[in-house]
Protein chains: 2
Amino acid sequence: MVTQRDVAKLAGVSVRTVSNVVNDYTYVAEETRARVRQALDELGYRPNLLARGLARGRSGLIALVLPLDVPYFYELSEYVVVEAERRGYTILIDRTDGQATRERALVSRTDRSAIFDGIIFSPIGLGGPELRYRTADTPVVLLGEKPVGASLDRVQVDDVAAAEAATSHLIGLGRHRIAAVGQPVKARSQTAQHRTLGYQRALQAAGHEFDPDLVATVTDFHRADGALAMTRLLEARRPPDAVFCYNDLMALGALRTLLSKGYRVPEDVAVAGFDDIEDGRYSTPTLTTVAPDKQQIASQAMDLLIRRLDGDAGPPKTARAGWQLMPRESTSIRSNPGHSL
Amino acid sequence: MVTQRDVAKLAGVSVRTVSNVVNDYTYVAEETRARVRQALDELGYRPNLLARGLARGRSGLIALVLPLDVPYFYELSEYVVVEAERRGYTILIDRTDGQATRERALVSRTDRSAIFDGIIFSPIGLGGPELRYRTADTPVVLLGEKPVGASLDRVQVDDVAAAEAATSHLIGLGRHRIAAVGQPVKARSQTAQHRTLGYQRALQAAGHEFDPDLVATVTDFHRADGALAMTRLLEARRPPDAVFCYNDLMALGALRTLLSKGYRVPEDVAVAGFDDIEDGRYSTPTLTTVAPDKQQIASQAMDLLIRRLDGDAGPPKTARAGWQLMPRESTSIRSNPGHSL
């Protein structure tokens with residue numbers, strides 16, 4: 001194996017200079033840099049990852065394990081990349097898309113987890129006990145709701161309160177038949193349950209009766225699921241006059257169904273989502289939504305992880321990130337205050 | 001350092017059984033698996049990445065380096081993940097978002113590239129010579145246009161022909177003032193240049209005069225850039241009656257500008273994009289676009305990379321992936337064939 005010492009000898013420079021060039025520090029004179037690069041090329045030098053990792057105990061790499069099929073998460077990933085960069089870490093993203101086999105592969109005791117100093121993880125397919133076992137070696141911070149039974153550091157948003165606020169906003173428009181779209185057929189994370197709970201609390205607080213026919217279940221959280229759920233709701237005996245979707249993606253699918261069938265939004269049916277993805281700021285009408293504070297989520301996740309990397313062995317911590325209701329055209333009353341008046 | 005042999009001794013099983021459990025093979029009896037896991041926990045076993053990597057000469061990891069701020073690329077990434085899985089590789093995504101410093105960090109001769117067997121890369125910020133130098137150690141396959149001067153394996157779509165087809169489609173609606181949105185203020189990859197060339201060829205073939213006022217430059221390729229370009233085009237002395245945007249994201253921004261200002265699409269202005277992202281299948285109107293064959297791009301990229309990993313040292317190869325024009329509502333003439341009649 002070629003070492004930096006070999007390269008230094010060939011280039012006629014110090015080992016430190018070789019190291020500076022290898023690590024891309026910029027203060028090496030251009031002429032020296034060229035000579036070192038030529039020597040690196042000639043000898044076919046390749047840095048020894050584990051040797052360096054063992055020496056420092058760190059790779060500087062953090063895995064961000066996400067269901068990247070939902071735009072909320074790739075928008076969030078940009079904030080995590082920036083917050084990690086600020087703290088000297090590099091993020092590599094593993095897109096699991098909620099598939100348990102992929103989540104299992106990433107956090108298992110194999111090569112893949114061994115290269116990471118830590119993992120930031122939004123699990124969907126994996127349950128609590130398996131998660132805890134599989135992450136025993138590497139510090140993990142969970143994003144989103146706590147999966148049943150897992151006791152790990154996590155960052156979460158108050159889904160119950162946020163869903164209650166979105167539903168109350170729809171009630172405030174004078175709507176009486178408010179549907180909820182996003183309860184999964186097969187329970188996975190607790191997120192959907194919490195949003196249903198917030199929806200129910202808002203109805204109760206306003207003295208509205210809870211109608212189970214207005215809760216549309218979905219198999220996934222994509223546009224197609226929202227579009228299909230909306231189609232089913234419109235075919236019901238008493239269709240809704242407003243709909244709260246558990247993410248913007250489903251809300252955009254519901255919006256498409258409504259507009260393509262000739263309904264006016266918000267005049268006939270008001271629509272609200274959750275996530276504040278960019279798509280909803282450019283749709284027509286623009287989409288009312290709940291905006292989780294993505295920057296805060298990313299920053300808190302990195303802080304929790306670094307606390308563990310610094311040796312904190314205390315009990316798991318939960319950080320709460322903020323959120324904000326963003327009323328937009330899909331619920332704006334304009335000249336027509338809704339047909340319930 | 002704890003070895004699998006230590007674990008085997010403690011658990012009273014063979015080293016092969018320990019290896020099977022560590023690698024998550026499923027055919028180990030549950031009772032044995034539990035015993036091995038307990039021994040792994042007790043001894044704090046952690047697999048030795050580099051030792052295994054050196055023994056096999058492979059980490060099994062491939063970096064996918066992308067501007068993930070453009071949805072086309074995260075849709076493409078799912079195909080790459082699947083095609084890699086099929087061939088026994090794991091993809092880790094590095095989101096560079098076109099920033100040269102991030103692209104440089106990833107493909108430099110440091111830890112970060114040393115852990116990867118290969119790199120699939122869509123460079124935006126990095127020029128050819130720097131790219132070639134920095135990727136000399138690790139096989140690289142480029143996605144998209146060839147950056148000037150880089151001679152590396154790549155997969156590309158015929159941007160000239162595809163842009164020509166999209167523009168010809170708009171001409172076929174009877175439109176005469178067709179704008180092009182997406183020529184960057186500061187040239188980066190050749191993609192935009194090729195799409196402008198295709199646009200010009202279509203105009204020429206139809207005997208339309210080329211009007212430089214109808215080519216709107218952008219600073220980036222996001223929704224906001226398309227919205228701003230459309231606003232400027234509408235303020236011109238002779239506004240367009242159709243617009244071809246170099247990606248769907250900009251087309252969705254242009255669509256928002258048009259609808260919010262009271263223009264009808266496609267009656268007043270027809271809109272076409274490029275990429276076939278899911279957003280454009282759910283917008284109202286749905287978006288006409290060019291659909292590159294993402295599955296084919298992913299499959300060809302993996303095939304090119306594996307050829308290099310298998311030792312092929314021949315000259316760089318270029319694979320061409322297919323594309324298809326997808327006419328949708330944003331250019332469908334319906335009852336009104338356009339005001340040019």
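Only heavy atoms go into these numbers, but all of them, side chains included; no hydrogens, no water, no symmetry mates. Chain letters run A, B, ... following the sequence lines, proteins first and then strands; every chain starts at 1. All values reported here derive from a predicted model rather than from experimental measurement.
A:Ala227 and B:Tyr282 make their closest contact through CB-CE2, 4.0 Å (heavy atoms, listed as atom of the first residue, atom of the second, distance).
The CD atom of A:Glu278 sits 9.5 Å away from atom CG of B:Asp69, with the distance rounded to the nearest 0.5 Å.
Here the side chains of A:Asp94 and B:Val81 are not in contact, with every heavy-atom distance at 4.5 Å or above. Between B:Leu68 and A:Ile93, the closest side-chain pair of non-hydrogen atoms falls below 4.5 Å.
Residue B:Thr284 touches chain A through both its backbone and its side chain, counting heavy-atom pairs closer than 4.5 Å.
Of the residues considered (B:Asp279, B:Leu64, B:Thr286, B:Leu252), B:Asp279 shows the highest number of contacts with chain A, using heavy-atom pairs under 4.5 Å.
Below 4.5 Å, heavy atoms of chain A meet heavy atoms from B:Arg256, B:Leu259, all part of residues 255-262 of chain B.
Other residues, nucleotides and ligands contribute only 12 or fewer heavy atoms inside 6.0 Å of the CZ atom of A:Arg16.
Panel note: side chain B:Arg95, backbone A:Tyr74; a donor-acceptor pair is recorded below 3.5 Å.
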